[in-house]
Colleague: 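One structure follows; several queries about it will come next.
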Number of protein chains: 2
Amino acid sequence: MTAGKRLAVVGAGAVGGSVADLAAAYGHTVVAFADSSSAVVDSGGVDTDAAIEQKSADGSVGDADPEEALHADYDVLVEATPTTLDDAEPGFSHVRAALERDRHVVLANKGPVAERYSDLRGLERDSDGAVRFEATVGGAIPILSTVGDLNPTHVTAARGVLNGTANFILSRMAAEGIDYEHVLAEAQDLGVAEADPAFDVEGTDAALKCVILANVLAGDDQEFTLEDADVAGITDVPGSALELAAEDGRTIRLVGEATREGIRVGPRLVPQNAALAVTGTRNIVQLETAHAGQLNLSGRGAGGEETASAVLGDVGRLG
Amino acid sequence: MTAGKRLAVVGAGAVGGSVADLAAAYGHTVVAFADSSSAVVDSGGVDTDAAIEQKSADGSVGDADPEEALHADYDVLVEATPTTLDDAEPGFSHVRAALERDRHVVLANKGPVAERYSDLRGLERDSDGAVRFEATVGGAIPILSTVGDLNPTHVTAARGVLNGTANFILSRMAAEGIDYEHVLAEAQDLGVAEADPAFDVEGTDAALKCVILANVLAGDDQEFTLEDADVAGITDVPGSALELAAEDGRTIRLVGEATREGIRVGPRLVPQNAALAVTGTRNIVQLETAHAGQLNLSGRGAGGEETASAVLGDVGRLG
């Protein structure tokens, strides 16, 4: 067991809120908690219950300025603001601020890892702080820590189902024989799909996760960004295609693949009883290894508490 | 990446030999390599290819005494001698010798972890060395490191198929509709089953792995040994039972369960399309967690190279 850490949690959505809520159960103390417009800082330990309550009451986590959280006396910055593309701001600047102060960083935000990996590793090289980002790929599933333990040079490829919303829709289309639009509406009613589902159903979210995997596999040899990914979503998958697949004992899944050569995401035919044919919102990743054969890791790929457990696992792995 | 370590590899069977063979690929140096009757020690790095060649030629890995390997100048002792029960010797004494010298220990030998867990942790508490044993449960599958990252207190139960030989036999019986004795003979011809298969088919091996899981989950609260496990094997499973199961869309697997309350291993009915219904020699473990839902980890549960990759993963995790 590593000693308890002082955490600054930036981002107060489902993930940031759950990290703040669970930190004590993992032996850590939240000394700063911020959303985009407010913050609460307490070197003795933030009353996270009160902050989360205030957030739901008046939309602010406290009376301090968000900037103050970045300057608090923390050991680890937890970056849990929403994923943004291109310059990956404001997340990237939060990470820079922490590393320039020689603090550790644990990311749940995919932007800096998928879009600015070389910049991120460059800042890490110049810092006494380390960067970890298990939560950015596969939610609760320990994918990146497994790749790290195997040593990325011994992993030849990663392939998987990495978007629960798209998988829920395909699973329901196959099970009920109904069309995309109807299942999407159902998924939106259930809160499984966003009002604007493009990020999930067009494959962007799965692609970002594969870009992160490809960056980890390639190490310093090559940098990938979303622009390098060959991406197709599920919006054009007709129910009839799923029926045809079923007649052949197969189904369709949105499968992402990452290697040192690149990233591909798109609908693929997979046997109905294959490991890749996970149902509902579950995720799975298959790692092809040089010495350990194929490893399959599956579980909940999203959810505030599940993703927070990955963040806190990373915090525990820090020296 | 952690710095390369100097390894003393004790045990020159499939696992020890593969650790010696792969160590360099993971950035480590083998400075001592021993089997039960011989050893080779070289602080500059053992010529492992030559030692493995000599082992197959005349049965010895070198001209030194095995004791000399235990006194070599190593950072990590890799204990890969055959699993023994009760006092877990000679493995336990090898581990004690290393910890008393404040060296780290990585075990592939299940005996000391399953039969003498409290003694093992006691020696570790009094040492500057740490003990790791990922390879003792599920071969290449990163089960214990995942439990460690989740924090054992947040894992409520572990359940899985943990013996490839028994699973191969049940898979073949179900697929071919042939009886236990015939499939066992086939498995022995293929080298999947030992000439004396009792350790695998009577559930002892799976039980030892579950005992190790239960010890990790219980921490210092309680110690389990094989005597505490409720164990049934597959020798009495008739082909007709698998036929009946198949008519109901189910199959039979040798399932082990570990909780803080105890250990149970026996044949269980599972749906044919369930994650637990892995086929052939594959293993799977399902972890029930407090905050991350259910995690499924599957892969190759045995094999020299696969198990060696788990050993070397542990070496990499050492500070």
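Keep in mind the model is a prediction, meaning the values are calculated, not measured. Naming: A, B, ... by sequence-line order, numbering from 1 per chain.
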Colleague: With a 4.5 angstrom heavy-atom cut-off, is it the side chain or the backbone of B:Ala25 that approaches chain A, or both, or neither?
Modeller: both

Colleague: To the nearest 0.5 angstrom, please state how far the CG atom of A:Leu297 sits from the OG1 atom of B:Thr146.
Modeller: 7.0 Å

Colleague: Under 4.5 Å from any heavy atom of chain B, what part of A:Ser298 do you find: side chain, backbone, both or neither?
Modeller: both

Colleague: For chain B, find which of A:Ala292, A:Ala275, A:Pro142, A:Gly293 contributes the most heavy-atom pairs closer than 4.5 angstrom.
Modeller: A:Ala292

Colleague: Tell me which of these, B:Ala140, B:Ser145, B:Gly303, has more heavy-atom pairs under 4.5 Å with chain A than the rest.
Modeller: B:Ala140

Colleague: What is the distance from atom OG1 of B:Thr279 to atom CG of A:Asn273, rounded to the nearest 0.5 Å?
Modeller: 9.0 Å

Colleague: Given a strict heavy-atom distance threshold of 4.5 Å, which part of A:Ile284 is in contact with chain B: side chain, backbone, both, or neither?
Modeller: neither

Colleague: Determine whether B:Ser309 and A:Thr289 make a side-chain contact, defined as any pair of heavy atoms from C-beta on separated by less than 4.5 Å.
Modeller: no

Colleague: Report the distance from atom CG of A:Leu150 to atom CG of B:Leu312, rounding to the nearest 0.5 Å.
Modeller: 10.5 Å

Colleague: With respect to chain B, which residue among A:His291, A:Glu306, A:Glu305 yields the maximal number of heavy-atom pairs within a distance under 4.5 Å?
Modeller: A:His291

Colleague: Only pairs of heavy atoms separated by less than 4.5 Å count here; which of A:Gln286, A:His154, A:Gln294 has the most with chain B?
Modeller: A:His154

Colleague: Could you tell me if the side chain of B:Arg282 sits less than 4.5 Å from the side chain of A:Asn296, heavy atoms only?
Modeller: yes

Colleague: Is chain A contacted by the side chain of B:Leu287, its backbone, both, or neither, given a heavy-atom distance below 4.5 Å?
Modeller: neither

